[in-house]
Amino acid sequence: MESMKNKIQNLIQKAIEKAYNNKLLPSCEFPEIEIEEPKIESQGDFSTNIAMKMSKIQKMPPRKIAEAIVSAIEDSEQILEKHEIAGPGFINFFIRNESWYPFLKKIHEKGNDYGSSNIGQGKKVQVEFVSANPTGPLHVGHGRGAAVGDSMANILSCCGYDVQKEYYVNDSGRQIRTLGLSVFLRYREIFGQASDFPKDCYQGDYIKDIAKSLQTEIGRDLLDQNEEDAIDRCAKYAASIILDGIKTDLLDFRVTFDRWYSEQSLFDSQKVDIILKELKEKNIIYEKDGANWFKTSAYGDEKDRVVIRENGLTTYFASDIAYHKDKFLRGFDRVIDVWGADHHGYIQRIAACVEASGYRRDQFHVILVHLVNLLRGGEPVAMSTRSGEFVTLKEVVDEVGSDAARFIFLTRHYESPLDFDLELAAKKTNENPVYYVQYVHARISSIGKKAAGEDTIIHNREWDERAIQLLQEPEEIQLIRQMVRYPETVLTSAEMMEPHRITFFLMNLASSFHTYYNKHKVLTEDPDLTKARLYLVDAVKTVIRNGLALLGVSAPDKM
RNA sequence: GCGCCUGUAGCUCAGCUGGAUAGAGCAACGGACUUCUAAUCCGUAGGCCGGGGGUUCGAAUCCCUCCAGGCGCGCCA
């Protein structure tokens, strides 16, 4: 079904052509016809600035052009109530109420698929997110990344992309040894072999817990082993326990991954060696001062970066090169990485890897999620990773619930820092936007229940051409108008990789619904009117449910 | 010093990728429950869109510059 915007666009295009044929316009040339939706109601449902844009080509004042176009408009489908010329030369269009009804029918027909499209044409896209080191539990910042990444994946998938969600596990490298050492030292403490606990070791109590569980599992075996072997054993044990914890926390947050990709596997499979060798042959990697450098500066980075240190060990960057190349080798057309904003300095060098591996710069995209300020009742909550005193994602989810947390994480553009107030997030009042939206769904469910009798829920989804004409209230038309915008919102959200657009759309739709609900009764004495209104609010329910699903938030029938 | 991000109502943020008189929510004030859920609604008030230049019919939006804040600038991850 053609969108309302397209219909208006065609109307104008034909009018311009006709005006030219009738010699009302000197030139048949015209730029792309943009259709906007004015913010102010008195300016119509749609408007176009085409007359202003044509002014130069036509060498005519905008208002004159607008007059010529307007005089040539042929509204054969009778979708318009009226049109007018306003301001410097805008043409405003007012849509007849009746023209909106078919869209309502479409929402019912598509149901859960309303809003989805095939713009992605099945292209493979990978979204990699969270990817926190398995050296400690996830904290709130990771939660925001998880919410953004998961929602982004849902949105892309809704737009017809073949999306894979991946978590890159940094199970190799120095931080893992440090983890092992931390656990080993705590383990020794249990047996009274206390020693200085270094500052750069992981300080949190969870390390002690892991040491304890290791002790109950294997007793004092490690004390007699070679120290490096013992540390290694501790590292593997701890990483696996922590990773399991991460998986559980994410599951409670209703975030799942299609694949957990191990950094160590890149070394085991020689992928790192192979890519380094390739790049050396191409002279993209060169030797200087005993180290191996990647010529990232040739791709827009500030300076070159070391991939193999003087001591022969690779840097994390080396495995990142292999990892990103591998992503494309696995057939992804586009790769999206969700990172914390403090990593923005790495974009250029990873982009360099992508280009050096023979892929286009625009196939790689980074979503930089800014930090979360955790508050309680307006007061900052102390957070320090170093001392191990940070609020974990699990604590937040346990306290405020997954729905509230996810929704709030998506109420900002990801590049905007976010204040997350635990007290507010737990509140079940109008200050908390998640309930505002969910409440719409619950209210409509409740109406449906009442309409159908005591226990059963019957959704009246039958299209009644005659009854639907009774929807004449401005609030009713407003609801339809907003719902018509939903599919475009999803598309824009996907294109711009901005999940928060869905959140704002839902809050606006919810607001319109609550207004309507307070002003008009759905269940009336008039059966036809009731039928039409049930049809309308059921559509609202569908759109709310679909939108919440993209955010990973539930749509409750009762609250 | 260099780079990236941010600066919009008292507070927290939108602003459809250049449009008309800049919008919400919270807080403040005043109203609405005999009603399909008041986790709601209605009304009032609140602004040199950080400052200054430029681009054009038209700028919160694009360019330049300055100011303020955050982050990043390792042979660490």
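Numbers restart at 1 for each chain; the letters A, B, ... are given by sequence-line order, proteins then strands. All values below were derived from every heavy atom in this structure, side-chain atoms included, with hydrogens, water molecules and symmetry-related copies excluded.
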*Can you tell me which stems RNA chain B forms, taking runs of 3 or more consecutive Watson-Crick or G-U pairs with both distances under 3.5 Å?*
B:1-7 with B:67-73, B:10-13 with B:23-26, B:28-32 with B:40-44, B:50-54 with B:62-66
*Which of the following nucleotides, B:rC75, B:rA20, B:rC13, is nearest to the side chain of A:Phe504?*
B:rC13
*asked:* Under 4.0 Å, heavy atoms only, any strand: does A:Asn133 hit a base, just the sugar-phosphate, or nothing?
replied: sugar-phosphate
*Below 4.0 angstrom from OP1 or OP2 of B:rG74, is there any side-chain N or O of A:Arg309?*
no
_Nucleotide nearest A:Met52 when distance is taken to its side chain, options B:rC57, B:rC76, B:rC75_ = B:rC57
*A:Phe90 aromatic ring stacked with six-membered ring of B:rA20, 5.5 Å and 30°*: yes
*Does any donor-acceptor pair link the side chain of A:Asp342 with the base of B:rG72 at a separation under 3.5 Å?*
no
*Check every atom of B:rA20, B:rC41, B:rC36 against the side chain of A:Thr515 and return the nucleotide holding the closest atom.*
B:rC41
_Distance between C1' atoms of B:rU55 and B:rC2 (Å, rounded)_ = 28 Å
*Can a side chain N or O of A:Lys449 be found less than 4.0 Å away from OP1 or OP2 on B:rC36?*
no
_A:Ser47 side-chain proximity, nearest of B:rC36, B:rU40, B:rA20_ = B:rA20
*Base, backbone or nothing for each nucleotide of nucleotides 1-8 of chain B, written B, S, -, heavy atoms under 4.0 angstrom, 5' to 3'?*
--BBSS--
_Could you check, using the six-membered ring where one of them is a Trp, whether A:His370 and A:Tyr414 have ring centers closer than 6.0 angstrom?_
no
*Taking the nucleotide of RNA chain B with the closest heavy atom to each, which residue, A:Arg443 or A:His500, is nearer the 5' end?*
A:His500
*Could you check whether the rings of A:Tyr286 and A:Trp293 sit parallel, tilted or perpendicular, using 30° and 60° as the cut-offs?*
parallel
_Pairwise C1' distance for B:rC76 and B:rG51, with rounding to whole Å_ = 40 Å
*Closest to the A:Glu310 side chain: B:rC36, B:rG72, B:rC75?*
B:rC75
*Taking atom C1' of B:rA24 as reference, at what distance in whole Å does atom NZ of A:Lys39 sit?*
13 Å
*Would you mind classifying the nucleic acid contact of A:His441 as base, sugar-phosphate or nothing, using non-hydrogen atoms under 4.0 angstrom?*
nothing
*Mind checking whether A:Phe294 and A:Phe317 have ring centres under 6.0 Å apart?*
yes
*So, is A:Tyr436 near the phosphate of B:rC41, with a side-chain N or O under 4.0 Å from OP1 or OP2?*
yes
*Below 3.5 Å, does any donor atom in the side chain of A:Asn92 face an acceptor in the base of B:rA20, or the other way round?*
yes
*Could you check which of B:rC36, B:rA20, B:rC13 has an atom nearest any side-chain atom of A:Val522?*
B:rC36
*Of the nucleotides B:rC71, B:rC13, B:rC16, which one has an atom closest to the side chain of A:Arg501?*
B:rC16
*Do we see a donor-acceptor contact under 3.5 Å between the side chains of A:Gln58 and A:Ser55?*
no
*How many Å lie between OH on A:Tyr517 and P on B:rU35, as a whole number?*
11 Å
*asked:* For a quick test of reading the model: is some side-chain N or O of A:Arg305 closer than 4.0 Å to OP1 or OP2 of B:rG74?
replied: no
*Mind checking the C1' distance from B:rG53 to B:rC48? Whole angstroms is fine.*
15 Å
_Determine whether a donor-acceptor pair (N or O, by modelled atom type, separation under 3.5 Å) exists between the side chain of A:Ser151 and the backbone of A:Leu550._
yes
*asked:* Could you measure the distance from the CG atom of A:Leu418 to the NE2 atom of A:His500? Nearest 0.5 Å is fine.
replied: 12.5 Å
*asked:* Between A:Ala86 and A:Lys303, which residue's closest nucleotide on RNA chain B lies nearer the 5′ terminus?
replied: A:Ala86
*Where the side chain of A:Ser182 meets the backbone of A:Tyr202, is there a donor-acceptor pair that is under 3.5 Å apart?*
yes
_Work out how far the C1' atom of B:rA59 is from that of B:rG52, and round it to whole angstrom._
15 Å
_Centroid-centroid distance, A:Tyr261 to A:Tyr323, less than 6.0 Å_ = yes
*Measure the OG-CG distance between A:Ser512 and A:Leu479 for me, rounded to the nearest 0.5 Å.*
5.5 Å
_Below 4.0 Å: OP1/OP2 of B:rC36 and any side-chain N or O of A:Lys450_ = yes
*Find the distance between CD1 (A:Ile176) and CD (A:Gln264) and round it off to the nearest 0.5 Å.*
9.5 Å
_Spacing between A:Asp419 atom CG and B:rG25 atom C1', to the nearest angstrom_ = 14 Å
*A:Asn518 has a side chain; which of B:rA20, B:rC36, B:rU40 sits nearest to it?*
B:rU40
*Close aromatic pair by centroid cut-off 6.0 Å: A:Phe94 and A:Phe46*: no
*Does A:Lys56 make a side-chain N or O approach to OP1 or OP2 of B:rC57 shorter than 4.0 Å?*
yes
